[in-house]
Amino acid sequence: MYKAVLLSKNNHLVSALGYIDTGNFLKDQKTNRPVAIASPDLMIELMPKAYHPIIYSYINGAFSFTDCDVNCEHIGLHLIPYSTICSKCELMLAFDCDFLFVDKKIIQNKPLIGISKENFTLLNTNMCILLNRKFMKRGIRKW
């Protein structure tokens, strides 16, 4: 099911195409917040330029997770452990954002948006995001 999505980071708005991924149960173990997974192109458009080197090094495989300690949380950066059918015990880079609207309804304040290392498209656009299964419930979420 495709949805119109609006994201914000530091008062910068970006629209995207969302897909409710019923298999996405990903959550931050520290905060228990659900994680949506965005295409790299969407995150580059959304995030301030100061974050671009971090994003590029992550998607190009050059990001050093050992350099990222608890101090990364002050800039809203999180490392989310995850596994897929193809890989086990990976780490995903994720950022705190301001809000997430889906079809003109606020779904979450301070959403956590992870970055896919691989580009993907939905309906011929690379400005897309895989929404967490938790977002299928109606109403405002405050994680």
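For this chain, numbers begin at 1 and follow the sequence in order. Computed from a prediction, not measured in an experiment: that's the story for all the values here.
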K104, NZ atom: more than 12 neighbouring heavy atoms under 6.0 Å: no
Separation of L79 CG from K30 NZ (nearest 0.5 Å): 8.0 Å
Flag if over 12 foreign heavy atoms under 6.0 Å of CG, N124: no
Under 3.5 Å: donor-acceptor pair, side chain of S83, backbone of C89: yes
Side chain proximity check, Y2 to D103, heavy atoms < 4.5 angstrom: no
Contact summary for F25 and N132, nearest pair of heavy atoms: C-ND2, 4.0 Å
For the student: nearest non-hydrogen atoms of K3 and I20, plus distance: CE-CD1, 4.0 Å
Nearest atoms (heavy-atom pairs only) where I55 meets M47: CD1-CG, 3.7 Å
Reported CG-to-SG distance for the pair L112 and C97, which is rounded to 0.5 angstrom: 8.0 Å
L93 side, atom CG; I59 side, atom CD1 - distance, nearest 0.5 Å: 10.5 Å
Point-to-point distance, once rounded to the nearest 0.5 Å, from CG of L131 to CD1 of I107: 8.5 Å
Shortest non-hydrogen contact from I54 toward F95: CG2-CZ, 4.3 Å
Test item: F99 and K110 side chains (from C-beta on) under 4.5 Å apart, heavy atoms: no
Sidechain-backbone polar pair: N126 side chain, S39 backbone, donor-acceptor under 3.5 Å: no
Expected output: side-chain D21 to main-chain G23 donor-acceptor under 3.5 Å: yes
K117 NZ/CZ over Y58 ring centroid, <6.0 Å and within 45° of normal: yes
Closest non-hydrogen atom pair, I44 against H52: O-NE2, 2.9 Å
Spacing of CZ belonging to F120 relative to CD1 belonging to I37, to within rounding of 0.5 Å: 7.5 Å
Minimal non-hydrogen separation, M1 against Y19, with atom names: N-CE1, 3.1 Å
OH on Y82 to CG on L91, rounded to 0.5 Å: 8.0 Å
Residue of the set L122, L123, D41 for which side-chain contact (heavy atoms from CB on, under 4.5 Å) holds with C128: L122
Derivation and outcome, salt bridge (Lys or Arg N to Asp or Glu O under 4.0 Å), residues R33 and D28: CA-CA 5 Å; R33 294 183 336 195; D28 181 9; 5.4 Å; no
When the side chains of residues 6-17 are checked against the rest of the protein, which donor-acceptor pairs come out under 3.5 Å, sequence neighbours left out?
{"unit_1": "S8", "atom_1": "OG", "unit_2": "D98", "atom_2": "OD2", "d": "3.0"}
{"unit_1": "K9", "atom_1": "NZ", "unit_2": "D96", "atom_2": "O", "d": "2.8"}
{"unit_1": "H12", "atom_1": "NE2", "unit_2": "E45", "atom_2": "O", "d": "3.1"}

Side-chain heavy atoms of I80 within contact of L26, under 4.5 Å: yes
